[in-house]
Amino acid sequence: MNLQERDEQHLWHPYTQHQTAAKPIGIVKGKGALLWDEEGNEYIDAIASWWVNPYGHSNERLAQAAYKQLTQLEHVLFGGFTHKPAVELGEKLISILPKNQQKVFFSDNGSTAVEIGIKMALQYFYNKGEKRFTVIAFEGAFHGDTFGAMAASGISFFTEAFKEHLLKVVRIPLPKKGSKAAAEAMKAVIAEHQPAAFIFEALVQGASGMQIYEPEALDELIDIAKSHNVITIADEVMTGFGRTGRTFASDYLKHKPDIMCLSKALTGGTIPLAITTATQEIFDGFYSKDVNKALFHGHTFTANPTGCAIALEAISILESDEMQANLKRIAQRHQQFLERIAKYPEVENPRTLGVILAFDLKTNQNTDYYGAFRDKLYNFFISKGVILRPVGNIIYILPPYIITDEQLNKVYDVLEEAILLFK
Ligand SMILES: *Cc1c(COP(=O)(O)O)cnc(C)c1O
């Protein structure tokens, strides 16, 4: 039996209806932007394996960092103990994050980073004896799949089965250019609900199909929130570490968030690690002689030294001239590609920011998130050796930064072919 057949015996995949889904492709090797399956087929990983991998598969520098740490100190509990990789990663992050970020809390994945951010906000007010229970979030948001993160997420079928069990979230629309609707909605929610927090994917909603919005609009919303003491939480799990062309999407903002959530590219797509950072003021809301005011949250693998050591190396790769040049190169090439496909009337809402490029493909077919049209597109891309996961009729690319011009050309050509074929 091959991997595909053995997989089917016991494995349960994420976001997968096993009765109807195509069988998973058995991947045996990855290098740079390329993956190979068990039959020897080659694929370009044009979505960086669910947005985690900026510096290429099987990256030597990250592997060396992992090996060095694994043979020095692979793990130690973080309750009552600390270690060099965590200390150094904390120092490094504080030096590159917006200046108001002062405290670093470790966990394992994007959902837990968000979960912790929301708990920090809720308990901050609880510790002060203020009754603030509501969270403001955007329509179409995605913040993860654990309960708190899921509550903040607005893609209905992800959360439908659990909607009676979620914390109180009030939604506002994503800002649109020239419209004040989001700001007005924000003011109304604040007047009515005394919210504790406002959580948002900074500048790009990833899972709802790379919906990009303006920094000025987000700045205004953060400003409104802050003037009513609502804690602002930037979910930069997808946007962090270069994706938007700057190190963090929050770098485009004048008003900086109080709390930030990071994961995905943090370890260069090697092993799970996540971070929630906070301002001194948030931290001080827990700092007390009263033990009950502490943040009673932790995970067994909190601040895993190997993850921290890899993350440090990953940030150093991001900061290299070579990687910064890659970010510019890809952003420029994306712009050129958008100009190239502008002539097709079927291409709607073409958009790009940093290494992210997306457009909606006009169709009269079913455009459900995991609908038939999406499956047709997905299968077409796979048959061409390009891994892309359209969201309904939205096609996006989010390549690793090390993708070559030649590989990028192939991705663009396949996209153009899809436009002509499926319009
Ligand atoms: C992927 C993602 C999450 C969840 O991260 P996991 O590691 O999958 O739990 C949260 N927020 C955003 C913006 C994401 O893109």
Side-chain angles (χ1 to χ4, degrees), residues 12-16 45 47-54 105-121 135-155 158-159 162 166-167 169 171 174 197-213 218 232-244 247-250 252-253 257 259-277 297 299 301-302 304 307 310-311 314 353-356 358 369 389 391 394 396-400:
W12 192 343
H13 284 258
Y15 309 117
T16 301
D45 186 355
I47 53 165
S49 280
W50 260 345
W51 324 338
V52 296
N53 190 309
F105 194 99
F106 293 91
S107 66
D108 309 338
N109 60 69
S111 303
T112 55
V114 166
E115 205 78 24
I116 290 159
I118 292 174
K119 284 175 77 170
M120 282 175 177
V135 173
I136 307 174
F138 281 131
E139 288 162 8
F142 180 75
H143 295 291
D145 291 335
T146 54
F147 269 81
M150 182 169 61
S153 298
I155 304 173
F158 278 74
T159 57
F162 313 100
L166 301 174
L167 66 95
V169 173
R171 263 170 231 297
L174 202 67
F198 165 42
I199 185 166
F200 50 87
E201 288 160 272
L203 302 189
V204 190
Q205 286 191 325
S208 65
M210 303 298 158
Q211 308 298 340
I212 297 171
Y213 62 103
L218 182 55
T232 51
I233 306 174
D235 179 350
E236 292 229 26
V237 168
M238 187 278 281
T239 51
F241 304 102
R243 291 266 149 71
T244 64
T247 306
F248 301 102
S250 296
Y252 288 92
L253 301 173
I259 291 173
M260 292 178 68
C261 309
L262 307 170
S263 186
K264 293 210 165 109
L266 173 64
T267 58
T270 54
I271 60 174
L273 186 73
I275 283 182
T276 310
T277 63
H297 189 107
H299 296 281
F301 275 98
T302 296
N304 171 255
I310 298 173
L353 180 65
V355 305
I356 303 164
Y369 203 101
R389 285 177 66 94
V391 172
I394 299 168
Y396 73 86
I397 50 183
L398 193 161

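Just so you know, ligand 1 is whichever comes first in the structure, and atom 1 is the first atom listed for that ligand.
Residues Tyr15 and Phe158 place their aromatic rings such that the two centres sit under 6.0 Å apart.
Within the 4.5 Å cutoff, the side chain of Thr232 has heavy atoms near those of the Phe200 side chain.
Applying the side-chain hydrogen bond (donor to acceptor under 3.5 Å, both in side chains) test to Thr16 and every residue at least two apart in sequence or in another chain returns nothing. Applying the side-chain hydrogen bond (donor to acceptor under 3.5 Å, both in side chains) criterion to Ser263, with sequence neighbours excluded, gives no partner residue. Listed by chain and number, the residues in a side-chain hydrogen bond (donor to acceptor under 3.5 Å, both in side chains) with His299 are His297 (sequence neighbours excluded).
Atom-to-atom distance recorded for Glu201:CD and Glu236:CD is 10.5 Å, nearest 0.5 angstrom.
For ligand 1, the 4.0 Å heavy-atom shell takes in Trp51, Asn109, Gly110, Ser111, Phe142, His143, Gly144, Glu201, Asp235, Val237, Met238, Lys264, ordered by chain and residue number.
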